[in-house]
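Okay, structure first, notes after.
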Amino acid sequence: MNLIATLLPSFTLIFTGYLICRFTKLNRAVWTQIDAVVYYLFFPLLLFYAITKTHIDLAAASRLVAAGWLLAAVTIAAAYSVPKWPGLSSHIDRRDHAANAQIGFRFNSFIALSIVGQVLGDPGMLVLGVLIGVCVPVFNMAAVYAMARQGDLHLLQQLRRNPLVWATLGGLVFNLAGLSVPQWIAPTLSSMGQAGLVLGLMAAGAGMKLADLRSAKALTVAMLSVRHFIAPVTAALLVALFGFDTTTATVFLIFAAVP
């Protein structure tokens, strides 16, 4: 019951965003703009501020980085191996798989940041910030690899434009340098962060296209199996292997399980 009570507000906001986008004048065009504001302003400020407020344990951070990269390696390999799974090769179009393999390992940062922020606060946000900083570049490389070879996407441009990576790196440098955010601006940053948590979840709901699940059923089931079974199970094994504390373990499992 505690788990349900904890997650219910987040899923209610996601569902609310979905309903508002589908059945009111606040349609996808409106939510696209909200999505951009949250992604480029609210969440980077939230990440930066949370990281600067929390003490960084470098030894623990190094183990977290190793676990994050191991999780990335397993999920990327699993996602790209799907066409070779027994019985699936004749049911999956290779071009569709190349375009959708990223579903198996990438994550919705809006949902991850919102849930971690609400459940674990700044200590959890620091852990998630480290995971974002070290895993997003790896996930992006894996996601655009096939298309990058054909010149359709440029990896360095994708990474350079990612505000969450820059916010994480900036917050870590700020923290390790012993600097602190001036008190007069702290309430504003906190308020913007809280607004981002709510709007981010609603934007995630507004962006859902449930009708798309009806196409490429075999590929859909396989990719969701990687994301919501293989990734969490791998994360649980890594948590046990590295002996993470409760906060780190919880964030790591959330990071591995969000869509």
Hey, does the side chain of [X] reach the backbone of [Y] with a donor-acceptor pair shorter than 3.5 angstrom?
| X | Y | value |
| --- | --- | --- |
| Ser114 | Ile111 | no |
| Tyr49 | Gly171 | no |
| Trp69 | Cys135 | no |
| Asn27 | Cys21 | no |
| Thr248 | Phe244 | no |

Please name the pair of heavy atoms, one in [X] and one in [Y], separated by the smallest distance, quoted to 0.1 Å.
| X | Y | answer |
| --- | --- | --- |
| Gly104 | Val226 | O-CG1, 3.4 Å |
| Ala249 | Val239 | CB-CG1, 3.6 Å |
| Phe105 | Ala101 | CE2-O, 3.4 Å |
| Gly129 | Leu47 | CA-CD2, 3.7 Å |
| Ala167 | Pro44 | CB-O, 3.3 Å |
| Ile132 | Thr168 | CG2-OG1, 4.2 Å |

I want to check something: taking the side chain as every heavy atom from C-beta on, are [X] and [Y] in contact at a cut-off of under 4.5 Å?
| X | Y | answer |
| --- | --- | --- |
| Ile185 | Pro182 | yes |
| Leu131 | Val65 | no |
| Thr52 | Leu179 | no |
| Leu71 | Phe252 | yes |
| Pro259 | Arg227 | no |
| Leu70 | Val74 | no |
| Phe15 | Thr12 | no |
| Met125 | Ile51 | no |

Distance (rounded to the nearest 0.5 Å) between [X] [atom1] and [Y] [atom2]:
| X | Y | atom1 | atom2 | result |
| --- | --- | --- | --- | --- |
| Ile20 | Lys25 | CD1 | NZ | 15.0 Å |
| Gln118 | Ile115 | CD | CD1 | 8.0 Å |
| Gln194 | Leu189 | CD | CG | 12.0 Å |
| Leu197 | Leu13 | CG | CG | 9.5 Å |
| Asp122 | Ser190 | CG | OG | 8.0 Å |
| Leu126 | Lys53 | CG | NZ | 11.5 Å |

| Parallel, tilted or perpendicular for Tyr39 and Phe110, by the 30°/60° rule? | tilted
| task | With Leu64 as reference, evaluate Val134, Val127, Asp57 under the side-chain contact (heavy atoms from CB on, under 4.5 Å) test and give the passing residue. | result | Val127
| said: Applying side chain to side chain contact (heavy atoms under 4.5 Å, CB included) to Leu41 and Met192, what does each step give before you reach the verdict? | reply: CA-CA 9 Å; Leu41 180 61; Met192 295 177 73; 3.8 Å; yes
| field | Check against side chain to side chain contact (heavy atoms under 4.5 Å, CB included), Val136 and Phe107 | value | CA-CA 9 Å; Val136 165; Phe107 66 102; 4.0 Å; yes
| field | Stepwise side chain to side chain contact (heavy atoms under 4.5 Å, CB included) check, Phe42 with Leu46 | value | CA-CA 6 Å; Phe42 285 171; Leu46 174 67; over 6 Å; no
| task | Assess whether side chain to side chain contact (heavy atoms under 4.5 Å, CB included) is satisfied between Leu128 and Phe255, documenting all intermediate values. | result | CA-CA 7 Å; Leu128 182 59; Phe255 177 76; 3.8 Å; yes
Is there a path of hydrophobic side-chain contacts, each under 4.5 Å between heavy atoms of I/L/V/M/F/W/Y residues, joining [Y] to [X]?
| X | Y | result |
| --- | --- | --- |
| Phe174 | Leu176 | yes |
| Phe48 | Val173 | no |
| Val221 | Val233 | no |

Under 3.5 Å, which donor-acceptor pairs do the side chains of residues 198-208 form with other protein atoms, sequence neighbours left out?
none

